[in-house]
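Written below as structure tokens is the structure these notes are about.
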Number of protein chains: 2
Amino acid sequence: MLGAKLKELREINGYVQRQIAAELEVDTAYISKVENDEKPLSKSHLKKIAKLFKVAEKELVVIWLADKILNTIHDEENKQQALQLALNTLTKS
Amino acid sequence: MLGAKLKELREINGYVQRQIAAELEVDTAYISKVENDEKPLSKSHLKKIAKLFKVAEKELVVIWLADKILNTIHDEENKQQALQLALNTLTKS
DNA sequence: CTATTTTTGACCTTTATTGTACAAGTTTTA
DNA sequence: TAAAACTTGTACAATAAAGGTCAAAAATAG
């Protein structure tokens, strides 16, 4: 989910992966994997990207977190109920 | 959340921690921590407990998973939105 | 066709988490 | 108040996950 968003952002701004990699001082292979949701992105990198493309950090963080949640439960049977329960718990507290 | 449920189950069934510990072949200190949500419980242990107290495994798994989710995001700002997004994503797929 | 970009796979190091154990302290119960 | 039950702190090995790298292959653009 985050990967697609990041890629979209990159393309809209006319960047190639190499340029993002340079900004974050990492390998382009890593960027590729992040865009394909094969590797997580650290929060500090996420912040840099938000700044770079002038997009609200919160917007990206929400997606980043949702991805984390989904990863936590990805091969479970009752994810939906669990998510619902988690949301309820949070809402009532 | 799971800890309280487990404790309730244990007390309803008139068990002391030592007995649960024996069933799972672990230290009672561990059971104490699990009941106080200080340590996670492995899924296999969870299954054994469900069987022991004849409660639907699913019921416990849902709580166990919800706890996992909540832990993943516990000190984040926009958890609620993230959870909502995760739930939406899951629902539409 | 060739140059650039992107992807893939294998690997590596560091950090975090899990599952345990033990000892000692505290609380509860009889 | 003594015994049983429970909690707390510390430690540790094993495992998993994070956060990368490098080289080579595949895809795409010009």
Side-chain angles (χ1 to χ4, degrees), chain A residues 1-50 52-53 60-61 63-76 82 86, chain B residues 1-50 52-53 60-61 63-76 82 86:
Chain A
M1 203 155 68
L2 182 66
K5 178 71 184 180
L6 259 23
K7 182 174 186 180
E8 182 195 323
L9 231 37
R10 174 172 65 79
E11 290 177 340
I12 283 177
N13 287 273
Y15 275 59
V16 296
Q17 290 181 356
R18 180 176 34 76
Q19 293 171 292
I20 310 279
E23 289 285 342
L24 304 186
E25 302 179 271
V26 296
D27 195 307
T28 65
Y30 181 53
I31 301 299
S32 169
K33 284 168 194 170
V34 168
E35 287 190 356
N36 290 294
D37 295 307
E38 279 154 33
K39 288 281 181 179
L41 187 68
S42 78
K43 216 176 176 184
S44 61
H45 284 339
L46 194 70
K47 288 181 182 189
K48 283 187 192 170
I49 291 177
L52 179 62
F53 294 141
L60 297 188
V61 170
I63 302 175
W64 178 81
L65 259 182
D67 263 4
K68 271 181 71 167
I69 294 168
L70 261 6
N71 273 322
T72 301
I73 58 175
H74 73 289
D75 46 11
E76 294 288 346
Chain B
M1 204 156 65
L2 182 66
K5 178 71 184 179
L6 259 21
K7 182 174 185 180
E8 182 195 324
L9 231 36
R10 175 173 65 78
E11 290 177 341
I12 283 177
N13 288 274
Y15 276 60
V16 297
Q17 290 182 353
R18 180 176 35 77
Q19 292 170 294
I20 310 279
E23 289 285 342
L24 304 186
E25 302 178 88
V26 297
D27 195 308
T28 65
Y30 179 53
I31 301 300
S32 169
K33 284 169 192 167
V34 168
E35 288 190 356
N36 290 295
D37 296 307
E38 279 153 32
K39 287 277 185 180
L41 187 69
S42 78
K43 215 178 177 183
S44 61
H45 284 338
L46 193 70
K47 287 181 183 190
K48 284 187 191 169
I49 291 178
L52 180 62
F53 294 142
L60 297 187
V61 170
I63 302 176
W64 178 81
L65 261 180
D67 264 4
K68 271 180 71 166
I69 293 168
L70 260 7
N71 273 322
T72 302
I73 58 175
H74 73 289
D75 46 10
E76 293 288 345

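A, B, ... follow the sequence lines: proteins, then strands. Residue 1 opens every chain.
Checking the phosphate oxygens (OP1, OP2) of C:dT18, no side-chain nitrogen or oxygen of B:H45 falls inside 4.0 Å. OP1 or OP2 of D:dA3 has not a single side-chain nitrogen or oxygen of B:R18 nearer than 4.0 Å. Residue A:S32 has a polar side-chain atom (N or O) positioned under 4.0 Å from OP1 or OP2 of C:dT7. Of the side-chain N and O atoms in A:N36, one or more sit less than 4.0 angstrom from OP1 or OP2 of C:dT7.
Whole-Å rounding puts the B:Y30 OH to C:dT18 P distance at 9 Å. Atom CD1 in A:I31 sits roughly 9 Å away from atom P in D:dG20 (whole-Å rounding). Atom C1' of nucleotide D:dT7 and atom CG of B:D37 are separated by 14 Å, given to the nearest angstrom. Straight-line distance from the CG atom of A:D67 to the P atom of D:dA18: 12 Å, rounded to whole Å. Put simply, CG on B:D27 is 13 Å from C1' on C:dA24, counting in whole angstrom units. Across the protein-nucleic acid pair, A:L2 atom CG and D:dA18 atom C1' stand 15 Å apart, rounded to whole Å. In this structure, the CD atom of A:Q17 is 15 Å from the C1' atom of D:dA29, given to the nearest Å. The CD atom of B:E38 sits 18 Å away from the P atom of C:dA21 (whole-angstrom rounding).
Remark: side-chain polar atoms of B:W64 are not paired, donor with acceptor, to backbone N or O of B:L2 under 3.5 angstrom.
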### Worked verdict on A:R10 versus A:L6 for side chain to side chain contact (heavy atoms under 4.5 Å, CB included)
CA-CA 6 Å; A:R10 174 172 65 79; A:L6 259 23; over 6 Å; no
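Of the candidate nucleotides C:dT7, D:dT7, D:dA18, D:dA18 has the atom lying nearest to any side-chain atom of A:P40. Comparing D:dG20, D:dT7, C:dT7 by their closest approach to the side chain of A:S42 singles out D:dG20. Residue B:K39 has its side chain nearest to D:dA11 when only D:dG20, D:dA11, D:dA23 are considered.
Map A:E11 and B:L24 each onto its nearest nucleotide of DNA chain C; the residue landing nearer the 5' end is A:E11. Toward the 5' end of DNA chain D, the nearer of the two residues A:E25 and B:A29, judged by each one's closest nucleotide, is B:A29.
Other residues, nucleotides and ligands place more than 12 heavy atoms under 6.0 Å from the CD atom of B:E11.
Residue-to-nucleotide contacts include a donor-acceptor pair under 3.5 Å from the side chain of A:K33 to the base of C:dG9.
Side-chain contact between A:P40 and A:K68 is absent, with no heavy-atom pair separated by less than 4.5 Å.
Electrostatic pairing of B:E76 and A:K43 counts as a salt bridge here, judged by a charged N lying under 4.0 Å from a carboxylate O.
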